[in-house]
Amino acid sequence: MTAHGSRAGAHTEDTDDLDVEEALALVREPKENRGPAQGGHLPAPASDAGRASDDAHHKATPWPRAREIAARAARSGARRAPVSVPLGDALGLALAAPLDALTDLPSFDTSAMDGWAVAGPGPWAVREKGVLAGHAQPEPLTDGEAVRIATGARVPPDTTAVLRSEHGRIDAKGRLHPTREVGHGQDIRPRGQECRSGDQLLPVGTLVTPAVLGLAAAAGYDIVTVIPRPRAEVLVLGDELLTEGLPREGLIRDALGPMLPSWLRALGADVTAVRRIGDDAEALHKAITSSDADLVVTTGGTASGPVDHVHPTLRRIGAELLVDGVKVRPGHPMLLARTQENQHLVGLPGNPLAAVSGLLTLAEPLLRTLAAHPAPEPYTLPLRETVHGHPYDTRLVPVVLRGDGAAPVHYNGPAMLRGIAAADALAVVPPGGAGQGQETELLDLPWASAGIGVCFT
């Protein structure tokens, strides 16, 4: 299988139309044989390519089940040990320890507004020197006395309330009068109003957002304990790929090499390397067995053609196959394997949009578990037009979100990126299709939701 095209054996690659013989084989097959793959080590290759293709589809895992397997694939030992990092390096990571307040917030009584700190009933004689934020404890007030005060400044002892600037006036003798009733404690933030020292502010597993960074800083933290990003390595397979210039002489531009690292980073991974392997079984074996990444991602080579080396290599190293084919279009010949106790491999189809399908089907749930991120809440929107479905496979269709609906985009074939480049999400179209107005589950693209997962550095 090429990284972007098709070779012998590529009839298992994605197509929106069901072959007649394939449909008849499905009808003839006993219903109990259509369940999800149960994992295990890779079987020996089939001698008959056509029969192997049919068998591969029949044992393929339904799309929802494949995502569930990927999310649960990472055993406890696969997650990297927690680390302590400066606040500036924690964005997008999950807390590995509770965030407990190291101080009262606020740590002293402060003014919530610009105005005057006053004591007792008015009118008040105004003290000459005002109180600014960042200064030491001011002198106490006596009844009938007021002092100018800035927002965030320490409130003098014995202050009754803070009178806002717009709610007071100074008479000709320099005395302060309220223009509306003043309540006891008005516009004063008392010490410990938000939390007391030792209170748990956020539990383990909380995703560090910009707001969490601000809270941690306010609570006295310089460093936080987090689960580090899982490390991912990308292996780009295929002799026909160009890294620059226009396609020529049967060679094509590599779209996955530039796309996958940024996409994996947006999904929360730390991409440690991108290697170009070509169609070389020994080089692929060496690359996989020498990698120390948590996740190895390969492109192409997942079918049964003469240069599709992923399955034979996984058999050679004794990998445990967790998912071998998924009932999803595009992206059917994707796979998930456990290559070591603390390492997994996601084999993506070679066609670009099929590879995106594989990323969101298998890599995203696995990376989410490794990073201890919570699963996103599923949501649906009605389709703005009918979307044709595959007879028995889920379809992932790029859509743009318009108001309260999702509109499918054109150019959504397995080898195309034009549609998803303009899309906001992928619609999960069930087998058989979905009609106009039908509520359909959506998978947000990581940058379209404007989340902190947009990390391309």
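On a predicted model such as this, the values are computed, not experimentally measured, just so you know.
- The shortest distance between side-chain heavy atoms of Leu348 and Val356 does not fall below 4.5 Å.
- Under a 4.0 Å N-O distance rule, the pair Arg231/Asp270 does not qualify as a salt bridge.
- Atom CZ of Arg229 and atom CG of Leu267 lie 12.0 Å apart (nearest 0.5 Å).
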(request) Dump the intermediate steps for side chain to side chain contact (heavy atoms under 4.5 Å, CB included) on Val234 and Leu260, then the final yes or no. (result) CA-CA 8 Å; Val234 179; Leu260 292 182; 4.1 Å; yes
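- At a threshold of 4.5 Å between non-hydrogen side-chain atoms, the residues Leu417 and Met259 count as touching.
- Using a 4.0 Å cut-off between charged nitrogen and carboxylate oxygen, Asp393 and Arg329 count as a salt-bridge pair.
- Residues Val296 and Val346 form no side-chain contact, since every pair of their non-hydrogen atoms from C-beta on lies 4.5 Å or further apart.
- Using a 4.5 Å heavy-atom threshold, the side chains of Ile317 and Ile288 count as touching.
- No more than 12 heavy atoms of other residues, nucleotides or ligands shown are found within 6.0 angstrom of OH on Tyr411.
- Between Ala161 and Ile188, the shortest heavy-atom distance links the atoms CA-CD1, 3.8 Å.
- Residues Tyr221 and Leu215 are not in side-chain contact: their nearest non-hydrogen atoms beyond the backbone lie 4.5 Å or more apart.
- Here the straight-line distance linking atom CG of Asp424 with atom CG of Leu445 works out to 7.0 Å at 0.5 Å rounding.
- Here the shortest heavy-atom pairing between Ala94 and His373 reads CB-CD2, 4.0 Å.
- For the residue pair Thr386 and Gln436, no side-chain donor N or O sits within less than 3.5 Å of a side-chain acceptor on the partner.
- Looking at Asn412, its side chain never comes within 3.5 Å of a backbone N or O of Gly419 through a donor-acceptor pair.
- Arg315 places no side-chain N or O within donor-acceptor distance of the main-chain N or O of Val310, the cut-off being under 3.5 Å.
- The pair Lys286-Glu282 does not meet the salt-bridge criterion, since no charged nitrogen lies less than 4.0 angstrom from a carboxylate oxygen.
- The only member of Leu235, Leu335, Val297, Leu295 that meets side chain to side chain contact (heavy atoms under 4.5 Å, CB included) when paired with Leu345 is Leu335.
- Within the 4.5 Å cutoff, the side chain of Leu401 has heavy atoms near those of the Leu442 side chain.
- For the side chain to side chain contact (heavy atoms under 4.5 Å, CB included) with Glu194, the qualifying choice from Leu105, Asp199, Leu201 is Leu105, the only one to do so.
- Across His344 and Ala73, no two heavy atoms sit closer than the pair NE2-O, 3.3 Å.
- Counting only distance, with no hydrogens or angles, the side chain of Gln343 and the backbone of Gln340 share no donor-acceptor pair below 3.5 Å.
- With rounding to the nearest 0.5 Å, the separation of NZ in Lys327 from CZ in Arg65 is 13.0 Å.
- Considering CD of Glu320 and OG1 of Thr339, their distance stands at 10.5 Å, rounded to 0.5 Å.
- Contact annotation: the side chain of Val208 approaches that of Leu213 to within less than 4.5 Å [non-hydrogen atoms, C-beta and beyond].
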(request) Go through Leu87 and Asp222 one step at a time and tell me if the side chain to side chain contact (heavy atoms under 4.5 Å, CB included) criterion holds. (result) CA-CA 6 Å; Leu87 288 183; Asp222 300 313; 5.8 Å; no
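- Looking only at atom types and distance, the side chain of Ser165 has no donor-acceptor partner in the side chain of Asp114 under 3.5 Å away.
- Ser357 places no side-chain N or O within 3.5 Å of a backbone atom of Leu353 that could act as its donor or acceptor partner.
- The shortest non-hydrogen separation linking Leu359 to Leu264 is CD2-CD2, 3.8 Å.
- The minimum heavy-atom distance linking Trp63 with Leu443 is given by the pair CZ2-CD1, 3.8 Å.
- For the atom pair CE (Met334) and OG1 (Thr61), the distance works out to 10.5 Å, reported to the nearest 0.5 Å.
- The environment of Arg418 atom CZ is sparse: at most 12 non-hydrogen atoms of other residues, nucleotides or ligands sit within 6.0 angstrom.
- Counting heavy atoms from C-beta on, the side chains of Leu99 and Thr206 never come closer than 4.5 Å.
- Atom CG in Leu102 sits 9.5 Å away from atom SG in Cys195 (nearest 0.5 Å).
- A donor-acceptor contact closer than 3.5 angstrom is absent between the side chains of Asp280 and His309.
- Across Val399, Leu396, Thr394, Val397, a single residue satisfies side chain to side chain contact (heavy atoms under 4.5 Å, CB included) together with Val429, and that is Val397.
- In terms of heavy atoms, Gly300 sits closest to Leu237 at O-CD1, 3.6 Å.
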(request) Would you check, one step at a time, whether the test side chain to side chain contact (heavy atoms under 4.5 Å, CB included) holds for Thr440 with Val387? (result) CA-CA 11 Å; Thr440 305; Val387 177; over 6 Å; no
